[in-house]
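Predicted model, so just to flag it, every value in this text is computed and none were measured.
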Amino acid sequence: MLTSVDTDLFRALADPLRFTIVTLLATETLCTTHLVAETGAKQTNLSNHLRVLREAGIVETEPCGRYTYYRLRPDVIEHLGRSLEALARTARTTRAAEARRPCS
C-alpha cells in the first residue's frame with residue numbers, strides 16, 4: 001500500500017511546473033537561472049516550487065558560488081515506481097475489478 005511519504009511525493013509531483021522541473025532535471029543538473037529560461041516561470045515562483053521538491057526529498061542542491069544547482073534524486077522516483085507497481089500487483093492479485101460490495 002501507499003504510505004504517507006508516497007502520498008507526499010505524489011502531491012509534490014502533481015503540479016505541472018514541478019513535474020516539468022523534475023523532467024528537466026532527469027537529463028542534467030541545472031541552476032535556477034537555467035530552469036527559469038527553460039520553463040518561462042518567474043524566478044520567485046520557480047524558487048517556491050524548488051523548495052517544495054527539495055523538502056519532499058525529490059531534488060537535492062549543490063551550492064556553486066552565488067548559484068544553487070539542483071539535481072534529481074532518481075532513487076526517490078524509483079521508489080515511487082515500485083510503490084505504483086505494488087499497488088497494481090495488489091489490484092491484480094485481489095481481483096479488485098471483480099470484487100464488489102453491495103450498496104445498502
Side-chain angles (χ1 to χ4, degrees):
M1 275 302 180
L2 296 178
T3 66
S4 62
V5 171
D6 295 333
T7 304
D8 291 342
L9 292 171
F10 281 116
R11 188 175 294 121
L13 290 171
D15 181 87
L17 179 55
R18 288 195 290 265
F19 192 77
T20 298
I21 292 166
V22 167
T23 302
L24 290 167
L25 294 177
T27 60
E28 63 183 317
T29 300
L30 298 168
C31 73
T32 308
T33 305
H34 297 130
L35 290 166
V36 166
E38 290 288 331
T39 64
K42 296 198 183 300
Q43 200 269 328
T44 53
N45 186 28
L46 191 73
S47 291
N48 288 329
H49 285 289
L50 286 166
R51 178 184 45 78
V52 170
L53 292 170
R54 190 178 65 251
E55 288 175 355
I58 297 169
V59 300
E60 57 190 10
T61 61
E62 178 187 337
C64 185
R66 61 182 209 143
Y67 299 100
T68 300
Y69 278 83
Y70 292 85
R71 173 178 34 250
L72 182 64
R73 293 189 54 212
D75 57 314
V76 175
I77 304 302
E78 289 169 345
H79 167 80
L80 286 175
R82 286 190 301 273
S83 294
L84 286 174
E85 286 176 22
L87 188 61
R89 194 170 33 257
T90 298
R92 265 194 303 281
T93 58
T94 60
R95 302 180 66 97
E98 297 167 13
R100 182 183 307 193
R101 289 185 189 184
C103 293
S104 50

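Shown here are the side-chain contact (heavy atoms from CB on, under 4.5 Å) partners of V22, two or more places apart in sequence or in another chain: L13, L53, I58, L72, I77. Residues passing the side-chain hydrogen bond (donor to acceptor under 3.5 Å, both in side chains) test with S47 are Q43, sequence neighbours excluded. Here L84 pairs with F10 under the side-chain contact (heavy atoms from CB on, under 4.5 Å) rule; sequence neighbours left out.
A salt bridge (Lys or Arg N to Asp or Glu O under 4.0 Å) check over residues 78-89, counting only residues at least two apart or in different chains, returns nothing. Note on residues 8-19: pairs passing side-chain hydrogen bond (donor to acceptor under 3.5 Å, both in side chains), not counting sequence neighbours, are D8-R11, R18-H49. Applying the salt bridge (Lys or Arg N to Asp or Glu O under 4.0 Å) definition to pairs two or more places apart or across chains, those involving residues 44-64 are R51-E55, E60-R71, E62-R71.
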Verdict with reasoning, I21 to L46, per side-chain contact (heavy atoms from CB on, under 4.5 Å): CA-CA 9 Å; I21 292 166; L46 191 73; 3.5 Å; yes
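Of all heavy-atom pairs spanning V76 and G57, the tightest one is CG2-O, 3.2 Å. Nearest heavy atom pair, residue L9 against residue A56, reads CD2-O, 3.1 Å.
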Distance-only donor-acceptor hits, side chain of residues 25-38, under 3.5 Å, sequence neighbours excluded:
residue, atom, partner, partner atom, Å
T27, OG1, L24, O, 3.0
H34, ND1, C31, N, 3.2

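The backbone N or O of T3 sits less than 3.5 Å from a side-chain atom of T7, completing a donor-acceptor pair.
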